[in-house]
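Below is one structure, written out as structure tokens; the observations come after it.
Just the heavy atoms: all of them, side chains too, but no hydrogens, waters or symmetry mates, feed the values below. As the structure is a prediction and not an experimental result, all values here were calculated from the model.
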Amino acid sequence: MSARHAVGIVGAGMIAETLHLPVLTSMQDVRVAWIADRDPERARSLAAAYGVAPAPLPADPAQLPACDAVLLAIPLQVRRPYYEAFSARGTAVMAEKPFAVDSDEHRAILDLFPAHRIACGYQRRTFANTLLIRKLLAKGWLGPLREIVLREGDRVKRSGADSRHFDDVALAGGGVLISLGCHSLDWVVFVTGATGYEILAEDVVFDGELDRKVTARIRLETGEASVELDYCVSWLDAQPNCTELRFEHAEVTLGNAPASPVLLHSPGEVAGAGLTAPAGGATTQNQACFLEWSHFLAGLVSGTPSLVSASETLLTTALMEDIYRGARGA
């Protein structure tokens with residue numbers, strides 16, 4: 001690795017435009033070497049806006065220009081040839097979430113790279129409030145955790161004029177669970193340190209092949225103890241977008257945003273005392289993206305897996321896979 005990392009970007013969509021490019025072009029140890037997209041005009045326009053070089057998107061990913069690491073910001077189901085090409089070239093990969101549609105594919109991709117050279121963008125792992133919850137649970141300051149209640153989503157109108165790729169199961173691999181729910185499921189796995197699970201019940205509302213709402217009851221194994229997760233993610237109706245962690249004599253609540261306060265209160269009490277998150281975590285989405293890349297690039301230099309290494313997210317993929325399997329009766 002050079003002192004200044006050359007990063008290539010595959011995919012000039014909204015996530016690259018509004019998040020990764022502003023962050024990467026502001027990092028002193030990063031040079032954005034090129035950006036490619038199936039829409040060459042979009043790639044050229046975005047490259048010009050950020051002062052980077054556009055690159056054609058060839059049929060064979062091995063023909064893309066050289067770089068130290070690449071961001072894959074393209075639909076889940078079209079990534080495999082890129083993984084294989086970059087693995088053969090020794091190029092590290094940061095993939096946007098989710099990582100895989102099932103555990104077998106997840107493991108197959110992991111096998112192509114050393115653990116520190118393949119990452120997945122579950123940015124909530126970097127949030128300051130996430131790090132506070134993880135520390136609170138690891139230290140056991142409030143005693144055993146009994147239950148987590150997590151609700152996320154909103155009513156989302158779909159039409160032919162709004163044909164984003166996650167409306168297409170063939171590209172996205174699923175609907176609301178894999179496109180949105182992957183974030184919150186990974187958050188739960190991360191903060192609890194879960195090592196296993198049992199799905200007690202699930203209910204999935206399908207629109208054809210596309211899942212629009214998912215509710216589930218899950219028992220998470222966390223070392224010697226277990227905790228139950230009452231979970232809902234939806235594109236059909238408004239949700240509180242809030243997480244409650246219930247202990248025997250206290251509750252902790254927080255929202256899904258990086259700046260959401262963490263409140264400690266008695267069971268059933270609405271008002272609560274705010275807890276101070278540890279320094280160093282993200283309180284904005286751009287900070288989260290910056291920390292994600294910082295962890296990944298530091299891992300490339302040290303040769304060790306990082307907070308965002310894809311090897312740390314296998315349980316998240318397995319959990320989504322098994323919810324889908326149960327809902328479809330597979």
Side-chain angles (χ1 to χ4, degrees), residues 13-15 18-19 75-76 96-99 101 120-125 127 129-130 133 147-159 161-169 171-192 194 197 199-218 220 228-246 251-263 282 284-285 288 313 315-328:
M14 182 182 67
I15 192 71
T18 62
L19 198 58
L76 179 65
E96 259 301 325
K97 63 79 200 169
F99 190 71
V101 294
C120 183
Y122 284 118
Q123 293 179 2
R124 294 187 191 183
R125 291 179 169 228
F127 290 3
N129 49 26
T130 297
I133 296 297
E147 183 182 34
I148 300 174
V149 179
L150 196 157
R151 302 283 186 267
E152 182 170 19
D154 209 336
R155 184 175 181 180
V156 179
K157 184 177 180 180
R158 302 289 185 213
S159 69
D162 183 23
S163 55
R164 289 176 285 183
H165 79 267
F166 50 72
D167 290 313
D168 186 343
V169 174
L171 290 176
V176 66
L177 180 63
I178 200 167
S179 297
L180 174 62
C182 64
H183 281 297
S184 48
L185 286 180
D186 185 74
W187 183 90
V188 170
V189 167
F190 180 67
V191 298
T192 62
Y197 59 85
I199 299 174
L200 305 175
E202 74 274 307
D203 182 27
V204 179
V205 179
F206 284 102
D207 176 10
E209 293 186 344
L210 194 73
D211 49 296
R212 298 283 188 181
K213 182 175 182 178
V214 176
T215 56
R217 188 84 184 180
I218 302 163
L220 299 167
E228 291 202 5
L229 170 64
D230 183 354
Y231 182 77
C232 179
V233 61
S234 178
W235 278 339
L236 290 181
D237 49 11
Q239 298 295 319
N241 290 300
C242 177
T243 301
E244 301 175 10
L245 298 97
R246 296 175 177 174
E251 292 184 1
V252 172
T253 60
L254 71 158
N256 301 327
S260 294
V262 178
L263 300 177
T284 70
Q285 205 66 52
T313 68
L315 197 70
T316 302
T317 297
L319 189 47
M320 290 189 292
E321 175 188 10
D322 284 342
I323 292 173
Y324 278 131
R325 180 183 290 118
R328 292 176 174 133

*Residue from Leu177, Thr243, Val188 passing side chain to side chain contact (heavy atoms under 4.5 Å, CB included) with Tyr231*: Leu177
*Could you grab the distance from atom CD1 of Ile323 to atom CD1 of Ile178, nearest 0.5 Å is fine?*
11.0 Å
*If you look at every heavy atom in Asn129 and Val262, which pair is closest and at what distance?*
CB-CG2, 3.6 Å
*Measure the CD1-CG distance between Ile218 and Leu319 for me, rounded to the nearest 0.5 Å.*
4.5 Å
*asked:* Between Asp186 and Arg125, does the salt bridge (charged side-chain N to carboxylate O under 4.0 Å, His left out) criterion hold? Intermediate values first, please.
replied: CA-CA 8 Å; Asp186 185 74; Arg125 291 179 169 228; 2.7 Å; yes
_Asn241 side-chain N/O to Gly153 backbone N/O, donor-acceptor pair under 3.5 Å_ = yes
*Of all heavy-atom pairs between Glu152 and Gln239, which one has the smallest distance, and what is that distance?*
O-CG, 3.5 Å
*Where is the tightest heavy-atom contact between Ala288 and Ala282, given as atom of each residue plus distance?*
N-CB, 3.4 Å
*asked:* Please find the pair of heavy atoms, one from Leu236 and one from Arg155, that lie closest to each other, and give the distance.
replied: O-CG, 3.5 Å
_Donor-acceptor contact present, side-chain Lys213 to main-chain Phe206, <3.5 Å_ = no
*Spacing of CD belonging to Glu228 relative to CZ belonging to Arg246, to within rounding of 0.5 Å*: 11.5 Å
*Is any side-chain heavy atom of Ser184 closer than 4.5 Å to a side-chain heavy atom of Asn256?*
no
*How long is the span from the CE atom in Met320 to the CG atom in Leu185, to the nearest 0.5 Å?*
7.0 Å
_Greater than 12 external heavy atoms within 6.0 Å of Glu209's CD_ = no
*asked:* Could you go through Gln123 and Leu19, starting from their C-alpha distance and side-chain angles, then the distance that decides it, and tell me whether this counts as side chain to side chain contact (heavy atoms under 4.5 Å, CB included)?
replied: CA-CA 11 Å; Gln123 293 179 2; Leu19 198 58; 3.5 Å; yes
*Would you indicate whether the side-chain heavy atoms of Thr313 and Lys97 approach each other to under 4.5 Å?*
no
*Testing Asp211, Val214, Val101 for side chain to side chain contact (heavy atoms under 4.5 Å, CB included) with Tyr324, which one passes?*
Asp211
*Would you mind checking if Arg217 and Glu147 are paired as a salt bridge, meaning a charged N to carboxylate O distance below 4.0 Å?*
yes
*Start with the C-alpha gap between Thr192 and Leu229, add the side-chain angles, then the distance that decides, and say whether side chain to side chain contact (heavy atoms under 4.5 Å, CB included) holds.*
CA-CA 11 Å; Thr192 62; Leu229 170 64; over 6 Å; no
_Residue from Tyr122, Phe99, Trp187 passing side chain to side chain contact (heavy atoms under 4.5 Å, CB included) with Thr316_ = Tyr122
*Going from OG on Ser179 to CG on Leu210, what distance comes out if it is rounded to the nearest 0.5 angstrom?*
7.5 Å
_Minimum-distance pair of heavy atoms, taken over all atoms of Arg151 and Pro240_ = CB-CD, 3.4 Å
_Exercise: identify the closest heavy-atom pair between Pro258 and Gln285_ = CG-N, 3.8 Å
*Taking the side chain as every heavy atom from C-beta outward, state whether Trp235 and Asp207 have any pair of such atoms under 4.5 Å apart.*
no
